[in-house]
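Whatever order the structure lists ligands and atoms in, that order sets their numbers, starting from 1.
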Amino acid sequence: MSAVSEGGVAALARALRARSVSSEELVRAALARIEAARDLGAFIATDAETALAQARTADAGLARGEGGPLAGVPVAHKDIFVTDFRASRLPSTAGSKMLAGYASPFDATVVARLGAGEPGRPGAGMVTLGKLNCDEFAMGSSNENSAWGPVHNPWDRARVPGGSSGGSAAAVAAGLVPAATGTDTGGSIRQPASFCGITGIKPTYGTCSRWGMIAFASSLDQAGPLARSAEDCALLLSAMSGHDPRDATSSERPPQDFHAQMLAARAGAAAARPLAGLRIGLPREFFPPALAADVAQAVRGALAELERLGATLVDVSLPRTELAIPVYYIIAPAEASSNLGRFDGVRYGHRAAQYADLADMYRKTRSEGFGAEVKRRIMIGTYVLSHGYYDAYYLQAQKLRRMIADDFRACFGQCELIAGPVAPTVAGPLGAQAADPVKAYLADIFTLPASLAGLPAMSVPAGFGEAGMPVGLQLVGDYFAEGALLHAAHALQQATDWHLKQPGGAA
Ligand code: GLN
């Protein structure tokens with residue numbers, strides 16, 4: 001097993017700084033592993049030449065004792081983040097045929113901050129290996145809605161990796177990269193992290209800039225890292241977050257060191273009981289009778305571990321949990337129908353080869369460029385925003401969204417964190433979701449509430465269920481309480497080894 005798969009981000013950053021390994025070695029090893037694991041479908045593209053050039057720059061900086069905090073550590077980006085095509089020969093497609101051949105003239109803020117940085121702000125110095133597969137425009141939960149084919153779950157290649165950040169989760173789980181970026185609109189970081197047995201965090205809405213993140217539902221979209229451990233996630237999140245004047249919804253809080261916050265949280269607690277005094281709320285709606293027994297058992301096991309570490313479990317209620325599904329599946333398609341209006345064959349990407357007039361060009365371009373799920377959502381979104389239905393659907397959904405956020409506020413009077421499962425089952429077989437989109441929507445029930453409320457939430461490995469497939473524990477924190485969230489996950493990972501397990505079948 002190579003250093004790339006053994007070491008997490010923290011360990012690799014230390015090894016690079018100690019000069020016991022070079023970035024070029026790490027990048028060469030990672031590229032070889034990616035090549036050997038092509039059939040996983042995790043990567044859409046790599047650019048070896050540019051990655052090696054970045055690695056050599058990082059090595060030269062490290063030799064002078066310079067470089068960002070993660071200098072030389074490899075990373076890969078969900079292909080929903082645009083990457084400057086002049087700097088690297090990497091596509092920016094959002095998993096869509098609509099953007100085949102699109103050459104972005106700039107880097108997303110998240111990409112720049114993890115890499116070389118922006119003018120006047122040095123980056124973390126990570127090396128970009130390539131772009132990762134995802135559901136088309138991040139719509140989906142199985143990664144089967146990608147125009148570039150499905151991604152396989154490294155734990156069982158006949159199963160889905162989850163979605164929409166399925167390529168990101170599979171690549172980390174298979175040891176191809178120590179960390180990857182993802183985006184989460186309604187669960188797309190947490191659910192694939194859970195299905196692939198890794199750690200992922202969606203921070204508070206506004207924490208990471210959406211500049212250069214191809215938009216799905218702007219009031220929900222949020223970037224975050226996927227990695228093996230909470231500690232690695234904290235390191236990436238610190239580097240990729242922070243105010244960006246180019247995103248009006250980005251938080252104006254000063255830059256945060258989430259890693260330091262993670263380590264400093266509950267500093268007075270005894271080493272054996274690092275979570276002493278922490279109240280973790282268990283919403284009864286997150287443990288319905290329909291929850292798969294294997295998931296319930298694994299989640300209960302992780303909760304017992306948190307109790308052993310000093311936490312107190314308290315019963316709470318999020319009474320509008322079930323309503324999160326219709327609310328989300330009105331608001332997200334409504335915003336998507338508006339955001340995707342820009343793909344008209346004039347400004348971006350695909351244009352039909354033959355057409356009679358302008359209206360025909362739009363029709364053919366959009367019919368050819370978008371996949372079935374994206375078209376379904378554009379139609380739903382257009383419908384709920386149309387005259388006469390706006391009040392009945394969209395406005396009602398907005399009101400309920402506020403009430404869902406209020407329910408969380410009430411809970412946070414009784415506890416500091418909320419816990420439950422990420423998904424009602426472990427990863428299912430490839431091919432099962434396409435037949436029944438509504439069934440797929442229903443499986444988002446536990447991740448949608450935190451998204452609608454804009455709260456930080458993460459998935460932490462919690463053991464294994466049916467057929468040895470990974471199960472994730474979901475932890476939700478109050479606004480901007482990422483430090484507390486990461487601390488609880490880190491404490492759990494210091495005491496357990498679920499997050500260290502790797503799929504035997506991985507290359
Ligand atoms: N599964 C949800 C959907 O299909 C969430 C996707 C996401 O978070 N991007 O919309």
Tell me, please, which residues at least two apart from Phe287 pass ring pair (Phe, Tyr, Trp, His ring centres under 6.0 Å).
none
I'd like to know whether the aromatic ring centres of Phe137 and Phe216 sit less than 6.0 Å apart in this structure.
no
For Glu231, which of His499, His259, Gln493 qualifies under side-chain hydrogen bond (donor to acceptor under 3.5 Å, both in side chains)?
His259
Do Arg113 and Ser209 get their side chains close enough for a donor-acceptor pair, meaning under 3.5 Å?
no
Within the heavy-atom cut-off of under 4.0 Å, ligand 1 is lined by Ala138, Met139, Gly140, Ser141, Ser164, Asp184, Thr185, Gly186, Gly187, Ser188, Phe216, Tyr328, Tyr329, Arg377, Asp444
Considering only distance and modelled atom types, tabulate donor-acceptor pairs under 3.5 Å from the side chains of residues 174-183, sequence neighbours left out.
residue, atom, partner, partner atom, Å
Thr181, OG1, His77, ND1, 3.0
Thr181, OG1, Lys78, N, 3.2
Thr183, OG1, Lys78, NZ, 2.7

Partners passing ring pair (Phe, Tyr, Trp, His ring centres under 6.0 Å) against Phe106 (at least two apart in sequence or in another chain)
Trp211
